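Read through the structure below, which is laid out as structure tokens, and then see the notes.
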Amino acid sequence: MSDERGIPPLQAERWGQTARRQTMAARERLLGASTTQPETAASALVRSEIVTSWRRSQLNGIDPGAPLTLPHDPEREGAPRLLRAAEPVLQRLSADLSNTVITLADSSSWILWRASADKRLLTGLDQVAAMPGSLLAEEVAGTNGLGTVLEVRGPVIVAGPEHFLEGMQDFTCVGVPVRDPFSRRLEGIVALTCHYRDTNEHLLPLVAEAAKEIEDRLRLGSSTRERALFDAFVRTARSPALAVASMNEEYLFTNAQAAQLFDPSDHARLWDWAQEAMRSRRTMTGRVTLSRGFAVDVRCSTVHDGPTAAGVLLTMRSTPGTQSSDKAPKRQVSTPEWWKVREAGLRLFRARRRVAVLGEGGAGKATLARALHDATAPRTPLIEIDFAVDGISSFVDGHHDPSSTFLLHHVDCLPRRAALELAARLERAAARVLLAVDPDVVEAAVLGRLLDRTDGAVTIPPLRERRQDLPGLVSALLRDLGADSERRCTSGAITALMHHDLPGNVAELRRVLSTALATSTSRDIGVDDLPPTHRTVTRDGRKLIALEEAERATIVDALQSTGWNAESAAEHLGISRATIYRKMKALSIRRPVQR
């Protein structure tokens, strides 16, 4: 069982000298085994979350017996909003408790604040570098009461020998996440540290209560802009018949009905759509197709914080019959402009037998053609001919079968005479034909002859002209690339992609995502996981100029080469720590969160 905050009950018999000896023996057996080897009976003596964390620490290449050297930056910028809310709570807690150290870390597990009346305990923590300005993320410090909270996104107790690093095994650390009261985003971590001998079942509830009080203070101390956005949401979300969301560039609040429609990528899509309402300060209505295939009728109005705009309020109703059918082919992409083009193509192909699908290279012509065939004649064969490798005879020899559909690619690779012969054969073809053509690379006279021999054409626009398709397209491509269902692109990464022209269209986007998946060490694909050429926006969505792009790439390279140690990177670049932090903020550079 666990309480309402998801905190597992502690069992006093697990903390003592007998338990310590058993954990040490199990640890030796487990850490001596291969990371791919099935767990032994020793794992039954250690909590599963600790065993899993040990495995992560091993995979990060941490030596449990090595001297502890943590990234340290005493001048690191703190989280002022979190500190303002937390300090009174933690100072009172520290004064009320003896033989403990109270610690506050930010959302990346950098220690921001620490207090204790026990000077010897503070000295012991200094010896293992657990002091303000130090990073205790799992990838550098192994299993511990701050970094492991970040990994599991929930309360954690790490008692004595459960720490991965041997230098930390005299301590017990209890950590609890602090979440933003509106967005529920992780804001920081509160931790209590004591000697292992003082471990008891009362520690975690104490820290959990402190975390709850800090969250309450965050709510009371939130900016008027955040509160105006949240209040507008609460007032409107009371209606059970409406799907309601309120948002700005940072926050997204949804009720249960909206949550059933939304995917995380829809935040960037709807925010991009809704900014017109904010600019004009008028109510706007429209129909938007979300990434799960739901078409929704949306009413968008601006939420004001005094004279300024705090964000937008959206009320949505799902349009009957617009959710993608279970029978829809898996290749189809749930994106607004895509569906418009697909519907136009379907109307044409159902009425005619020869249709040209026009678009730039990589725009998705073949995917659209396959979708048209699958929707109109799914039980008939689709024969694909690629003139980059096949001769015209591949089509000539089979075009008399009226039950077949031909998909013809790369007509521009045919010699002029062969292309004109193809045009003549199209006119006499009994089979259904889908002709995928890039009109910019085929000679005008030949293109005219080919199009004259079809019954109509449908054009798929390049991605730069249908940026609202990107969030849904990204989700579809990630699934197609075999990504785990939990892996997503962050809103910041999608915004960066939406501000890129993507001249290679879907083919280029697929390549970018494939590279990011292969190289990312984060839970989600963030801006810094994208190739340097595609990271060209600031936090406010402004596109970087060429000089800023070069500066950003230089700073990221320096940070990566120093293990994201800002002090070392600043020294390497010949700039101050304050300057590198200012540049990181201005150019939207963030340390990736490890999986």
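These values consider heavy atoms only, across backbone and side chains, with no hydrogens, waters or symmetry-generated copies. As the structure is a prediction and not an experimental result, all values here were calculated from the model.
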Requested in this report: Could you list the residues that satisfy side-chain contact (heavy atoms from CB on, under 4.5 Å) with R510, not counting sequence neighbours?
Outcome: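 Scan of R510 (side-chain contact (heavy atoms from CB on, under 4.5 Å), adjacent residues dropped) gives L477, D480, L481.
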
State, yes or no, whether a side-chain contact exists between [X] and [Y] at a heavy-atom distance under 4.5 Å.
X: Y196; Y: P161; answer: yes
X: E49; Y: E162; answer: no
X: T18; Y: R21; answer: yes
X: N144; Y: F164; answer: no
X: L135; Y: W564; answer: no
X: C173; Y: M168; answer: no

State the [atom1]-[atom2] distance between [X] and [Y], to the nearest 0.5 angstrom.
X: D63; Y: Q58; atom1: CG; atom2: CD; result: 11.0 Å
X: L192; Y: D198; atom1: CG; atom2: CG; result: 10.0 Å
X: R153; Y: I189; atom1: CZ; atom2: CD1; result: 8.5 Å
X: S109; Y: E151; atom1: OG; atom2: CD; result: 8.5 Å
X: L573; Y: S568; atom1: CG; atom2: OG; result: 11.0 Å
X: E187; Y: L218; atom1: CD; atom2: CG; result: 6.5 Å

Quick one: closest heavy-atom pair of [X] and [Y], and the distance?
X: V176; Y: A211; value: CG1-CB, 3.7 Å
X: P71; Y: W110; value: O-CZ3, 3.9 Å
X: A569; Y: T562; value: CB-OG1, 3.7 Å
X: V474; Y: L497; value: CG2-CD1, 4.2 Å
X: G142; Y: S57; value: CA-OG, 3.3 Å
X: A566; Y: L559; value: CA-CD2, 3.9 Å

Show which side-chain atoms of residues 121-133 pair as donor or acceptor with protein atoms under 3.5 Å away, not counting sequence neighbours.
| unit_1 | atom_1 | unit_2 | atom_2 | d |
| --- | --- | --- | --- | --- |
| T123 | OG1 | K119 | O | 3.0 |
| D126 | OD1 | R114 | NH1 | 2.9 |
| D126 | OD1 | R114 | NH2 | 2.9 |

In chain order, what residues pass the side-chain hydrogen bond (donor to acceptor under 3.5 Å, both in side chains) check against [X], with sequence neighbours excluded?
X: H572; value: none
X: Q169; value: none
X: E508; value: H534
X: T172; value: T199

**Report entry** Worked check of side chain to side chain contact (heavy atoms under 4.5 Å, CB included) between T23 and I50
**Finding:** CA-CA 11 Å; T23 302; I50 298 297; over 6 Å; no

Report task. With sequence neighbours excluded, tell me which residues meet salt bridge (charged side-chain N to carboxylate O under 4.0 Å, His left out) with R511. Result ->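 In terms of salt bridge (charged side-chain N to carboxylate O under 4.0 Å, His left out), with neighbours along the sequence ignored, R511 is linked to no residue.
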
Query - salt bridge (charged side-chain N to carboxylate O under 4.0 Å, His left out) partners for D170, two or more places apart - result: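 Once residues adjacent in sequence are excluded, the partners of D170 under the salt bridge (charged side-chain N to carboxylate O under 4.0 Å, His left out) criterion are R20.
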
**Report entry** Derivation of the side chain to side chain contact (heavy atoms under 4.5 Å, CB included) call for D106 and L112
**Finding:** CA-CA 7 Å; D106 68 12; L112 301 174; 3.8 Å; yes

**Report entry** salt bridge (Lys or Arg N to Asp or Glu O under 4.0 Å) contacts touching residues 563-574 (sequence neighbours left out)
**Finding:**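 Salt bridge (Lys or Arg N to Asp or Glu O under 4.0 Å) check on residues 563-574 returns E567-R577.
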
Requested in this report: Return the orientation label for the H195 and F171 ring planes: parallel under 30°, perpendicular over 60°, tilted otherwise.
Outcome: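 H195 and F171: parallel rings.
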
Report task. Step by step, work out the side chain to side chain contact (heavy atoms under 4.5 Å, CB included) result for N505 and L463. Result -> CA-CA 5 Å; N505 293 296; L463 276 183; 3.9 Å; yes

Report task. Test side chain to side chain contact (heavy atoms under 4.5 Å, CB included) on C489 and L513 and set out the steps. Result -> CA-CA 9 Å; C489 262; L513 294 174; 3.9 Å; yes

Query - Side chains of S53 and E138, donor plus acceptor under 3.5 Å - result: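 A donor-acceptor contact under 3.5 Å links the two side chains.
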
For residues 79-104, which side-chain N or O atoms pair as donor and acceptor with protein atoms under 3.5 Å away, sequence neighbours left out?
| unit_1 | atom_1 | unit_2 | atom_2 | d |
| --- | --- | --- | --- | --- |
| R81 | NH1 | D180 | OD2 | 3.2 |
| R81 | NH2 | D180 | OD2 | 3.2 |
| R81 | NH2 | S222 | OG | 3.4 |
| E87 | OE1 | W113 | NE1 | 3.2 |
| R92 | NH2 | E213 | OE1 | 2.7 |
| R92 | NH2 | E213 | OE2 | 2.9 |

